[in-house]
> 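Quick one: the structure is below, questions incoming.
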Amino acid sequence: MSVDIRLASSRGKGADLYHGEDPGNIVTPGDVITADTGFMRGHGTYMEEDCLHASVAGTVERVNKLVSVRPPKTRYNGEIGDVVIGRVIELALRRWRVETHSRMDSVLMLSSVNLPGGELRRRSEEDEKMMRSYLKEGDLISAEVQNVMSDGCLSLHTRSLKYGKLGQGTLVQVSPSLVLRRKTHFHNLPVGASIILGNNGFIWLSPTQDEQDGDTGGYQTNLQPVSHSDREVIARLRNCVLALADRQMLLFDTSILHAYEASMKHTVKELLKPEVIADVVDLVRQRMELEGS
Amino acid sequence: MAGMELLSDQGFRMDGRKSNELRRIRFKKGVFNQADGSAYLEQGNTKVLAAVYGPHEIRGSKSKALHDRVLINCQYSMATFSTQDRKRRPRGDRKSQEMTSHLKQTFDAVVLTELYPKTQLDIYVEVLQSDGGNYCASVNAATLALMDAGIPMKDYVIACAGSFTRETPIIDINHLEESSGGAEVIMAILPRCDQIVFLEMNSRLHEDHLSAVMDHVMAGCKDIFNVLNQQVREELVRRTVQDSLVDSG
Amino acid sequence: MADVNLSEAEKTFILHSVQDNFRDDGRSCEDFRHMEIETGLISNTNGSARVRLASTDVLVGVKVQLSPVDPENPEVGRMEFFLDCSANATPEFEGRGGEELASEITALLTRAYGCPSTMDYPSLCVLPGQQCWLLYVDILLLECGGNLFDAMSLAVKAALFNTKVPNVTMTKDEGGIELDVSDDPYDFKRLDVTGAPLVVTVNKIGHFHVVDASEKEEACSLARIMLGVTQTGTITAMKKEGSGSLDADSISDMMESAKKVGVLLNKSLLKALGEEEEQGTEAVGFLR
């Protein structure tokens, strides 16, 4: 039984280790990026009087002729092919409304899911009525973005065996800008748990599945109690992910594994304390620097 | 109120400032985790918290949705302990409703609303301590919160209030100066394009003095802008340098 | 409290973790999350405090006012609670959205502090039978992260500890007795909060119970009890909440837990407040 009350004045000022010079590509809303008309406008910019202005505070990115500004924190902007994790909030006509922390609720059409048993057939009325038995309100799914509609609404699909309803585990929510687009977002970590890094900032931690029972697309969930050691691994990973997110470090399998190893000298619940978080994140940063150089 | 000089013979105000001096400004972005964007701002003794949620799906009746723009929803609320005399209701009274609609009007003009049709953007402002310039501090804090949330805007929106006493315009007035009965000119501008998005004047002011006061208030807004912009840029620089060190292939 | 919709599998996971005494962030069933307190942030008040418990953020301001006594208790001071759920916490609190929650919490706090032994109410009486100090305790909820009742009671106690009640001089003249409230910022008296209670919420999840539940855990719990516990383990108020039912044995187990945790919580709070007073640094507020 432990109670830990601190004074706010003992909180540190935050990582102040980098006094870099202005790289020159930081802009704030209203700044003129360029007066050259040859560039195309990307996200975060707007055109006024033949000048390209920034509309958000962030870094300017130039890819060939496309200029855009990337803010450090933003709601999820979906793109085709992204892996996301979402929570079903509503059942509508032949579709599920899924919450993905983007501008509008995403949509998972009945025609875009795998039927149990892996059948391939046209969806009938029976299927519409049985929608709730496949996925109901509150269920978590992993899916891929199939299409982005004109108003920004995302259309998802789970037509591959690795997507579908998620079983036992923990969901962690971080800012979407901390998850980079990689080749694969599903990782079976060597420490004994699986992790799914959703591009929308939802991160799913679960015990490693021994056998891929994904033939059914994961409609039967295993409700057996998870072993204590697995639980410990998942709790530690959860605290590590939150620690990295708190210091705005990018999240991918390497950084999370480094954080895990750095955290081994503390007990899992000590990772909730700010000084331990600072310690672990510093170790990770040093290690990434070493590997990067 | 008689005998209370807002401006002394040497040119000092009640709190020791000169006529065109601003109060101390301190702020922090990203105070809360759950809101999409948040900011805390202090202008002298006025302390304001702003939080932004969105853009997100419209809650409640879908009929309120605007088919081509985002719906901006504001709420201005004052804590019951924020004023010298305890306030019975934090919001819902006429003054708060008026402030709410002023804030909505201000941000409708500056957020790039066409980018997010059929969605809703919530801007909530909570005044923790009130010492004059509530609207101004709210606007400035909300601008920072919107930037923290990554919502596209044309420019910063900076607001400042000014008055006129003993033939001199004074800017960034506090509660004492507001309630002294003199004229009050409140302006919100886009500092880089010199555009005025909100202008209000209370009490009586001779039209000969109006342009002088407006010029001073505009200059005050630009000074506030410089203070805010500098710190925002510094924080962004620090973050980018951190990011680049850990971004490996 | 913000509603978190969880899937069956997630709820099962949490249920088993509580059974295992190893919650999803590694805490045991009787551990509290990391907390930060600070007092003296708002200068317009007679006392103020802020508590951050994980992502729950609460700000309390105390203002004192001379007012007529309560005819039923003419020799003691009064205390009134008010909770404002700010829309900053969640858009659902916009307008009058938070009123239900507010009335629940204020009712419990009023009962917890209603017991005469919790605060030195007689000392707040200025003119017996006529005038007394009325303490307006205003709570502002800024962010919801689970376990709101506990965080608020901590902030209330800290704010009361910080409160400075100005001294009153009484002068007799023909019309009656004149009361003169001192303007001097150094002429005040402090409140004795050693008997003040803290609310401890115990949530029942499955067959076990947890203290300081996060929002996810609260969504899995069907019933909870809230106890007002003082430093010595005395219980000043109790309330059961939730749609589930509890049997007598579970209630007594939960009460034992709550008492243990409550005593420790009181001790840690007073220790932290004492430390802060010694340090005497300027309030940091929201700037860090």
Side-chain angles (χ1 to χ4, degrees), chain B residues 26-42 44-54 56 58-60 73-92 96-97 100 120-131 141 145 175, chain C residues 2 4 41-50 52 54-65 67 80-99 102 134-146 159 163 215 282-288:
Chain B
R26 294 197 291 185
F27 71 91
K28 178 162 196 282
K29 278 176 23 181
V31 180
F32 297 131
N33 297 327
Q34 297 195 346
D36 288 307
S38 55
Y40 168 77
L41 179 86
E42 277 182 22
N45 279 330
T46 300
K47 300 183 178 161
V48 172
L49 264 178
V52 167
Y53 284 88
H56 58 79
I58 305 236
R59 271 185 328 279
N73 178 35
C74 290
Q75 181 178 272
Y76 172 85
S77 167
M78 291 180 70
T80 44
F81 47 74
S82 60
T83 45
Q84 196 63 14
D85 295 321
R86 182 176 179 262
K87 214 171 178 279
R88 292 191 126 255
R89 286 173 73 196
R91 50 186 169 274
S96 308
Q97 308 271 34
T100 304
Q120 182 177 338
L121 184 65
D122 298 313
I123 304 178
Y124 300 125
V125 172
E126 188 81 38
V127 176
L128 301 179
Q129 203 172 289
S130 160
D131 183 30
H175 183 68
Chain C
V4 179
L41 320 165
I42 313 282
S43 52
N44 270 342
T45 57
N46 295 89
S48 58
R50 177 184 181 210
R52 237 196 292 215
S55 51
T56 301
D57 207 322
V58 179
L59 182 61
V60 172
V62 178
K63 281 173 105 76
V64 302
Q65 195 180 302
S67 69
E80 240 179 67
F81 290 93
F82 178 76
L83 168 61
D84 180 19
C85 296
S86 165
N88 287 26
T90 157
E92 278 147 26
F93 287 159
E94 195 184 331
R96 307 182 72 152
E99 285 197 358
L134 171 52
L135 299 172
Y136 283 113
V137 180
D138 295 318
I139 311 172
L140 183 61
L141 178 60
L142 293 168
E143 211 182 354
C144 292
T163 303
E215 279 187 305
E282 191 194 320
V284 156
F286 294 84
L287 288 169
R288 267 206 221 144

> Which atoms of B:Leu49 come close to chain C, meaning under 4.5 Å heavy atom to heavy atom: side chain ones, backbone ones, both, or neither?
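It is both, since atoms from each part get that close.
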> As an exercise: rank B:Val31, B:Leu41, B:Leu128, B:Ile123 by heavy-atom pairs under 4.5 Å with chain C and give me the winner.
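Looking at each option in turn, the highest pair count goes to B:Leu128.
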> Measure C:Val62 against the heavy atoms of chain B and call it side chain, backbone, both or neither at under 4.5 Å.
neither
> Is C:Leu41 close to chain B through its backbone or its side chain, or both, or neither, when contacts mean heavy atoms under 4.5 Å?
backbone
> Side chains of B:Asp122 and B:His56: is there a donor and an acceptor less than 3.5 Å apart?
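Indeed, the side chains of B:Asp122 and B:His56 share at least one donor-acceptor pair under 3.5 Å.
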> Quick check against the 3.5 Å criterion: does C:Glu143 have a side-chain atom that pairs as donor or acceptor with the backbone of B:Asn33?
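Yes, the answer is positive, given that a donor and an acceptor are paired below the 3.5 Å cut-off.
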> Measure distances from B:Arg91 to the heavy atoms of chain C and classify the residue's part below 4.5 Å as side chain, backbone, both or neither.
side chain
> Which heavy-atom pair separates C:Asn44 from B:Ser130 by the least distance, and what is that distance?
ND2-O, 3.8 Å
> Taking B:Tyr53 for the side chain and C:Ala89 for the main chain, is one N or O donor matched with an acceptor at less than 3.5 Å?
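Looks like yes, one N/O pair under 3.5 Å.
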> Tell me, out of C:Gln65, C:Lys63, C:Glu94, who's got the most heavy-atom pairs with chain B below 4.5 Å.
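The residue among C:Gln65, C:Lys63, C:Glu94 with the greatest pair count is C:Glu94.
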> So for B:Ser77, is it side chain, backbone, both, or neither that comes closer than 4.5 Å to the heavy atoms of chain C?
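Side chain only.
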> Side chain, backbone, both or neither: which part of B:Asp131 has a non-hydrogen atom closer than 4.5 Å to chain C?
neither
> Counting only heavy atoms closer than 4.5 Å, note whether B:Gln84 contacts chain C via side chain, backbone, both or neither.
both
> Can a donor-acceptor pair be found, under 3.5 Å and without considering hydrogens, that links the side chain of C:Thr56 to the backbone of C:Gly146?
yes
> For C:Asp138, is it the side chain, the backbone, both or neither that has a heavy atom under 4.5 Å from a heavy atom of chain B?
both
> Do B:Gln129 and C:Ser43 have side-chain atoms, one donor and one acceptor, less than 3.5 Å apart?
yes
> Would you check if the side chain of C:Arg50 reaches a backbone N or O of C:Asp57 as a donor-acceptor pair within less than 3.5 Å?
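No, C:Arg50 side chain to C:Asp57 backbone: no donor-acceptor pair under 3.5 Å.
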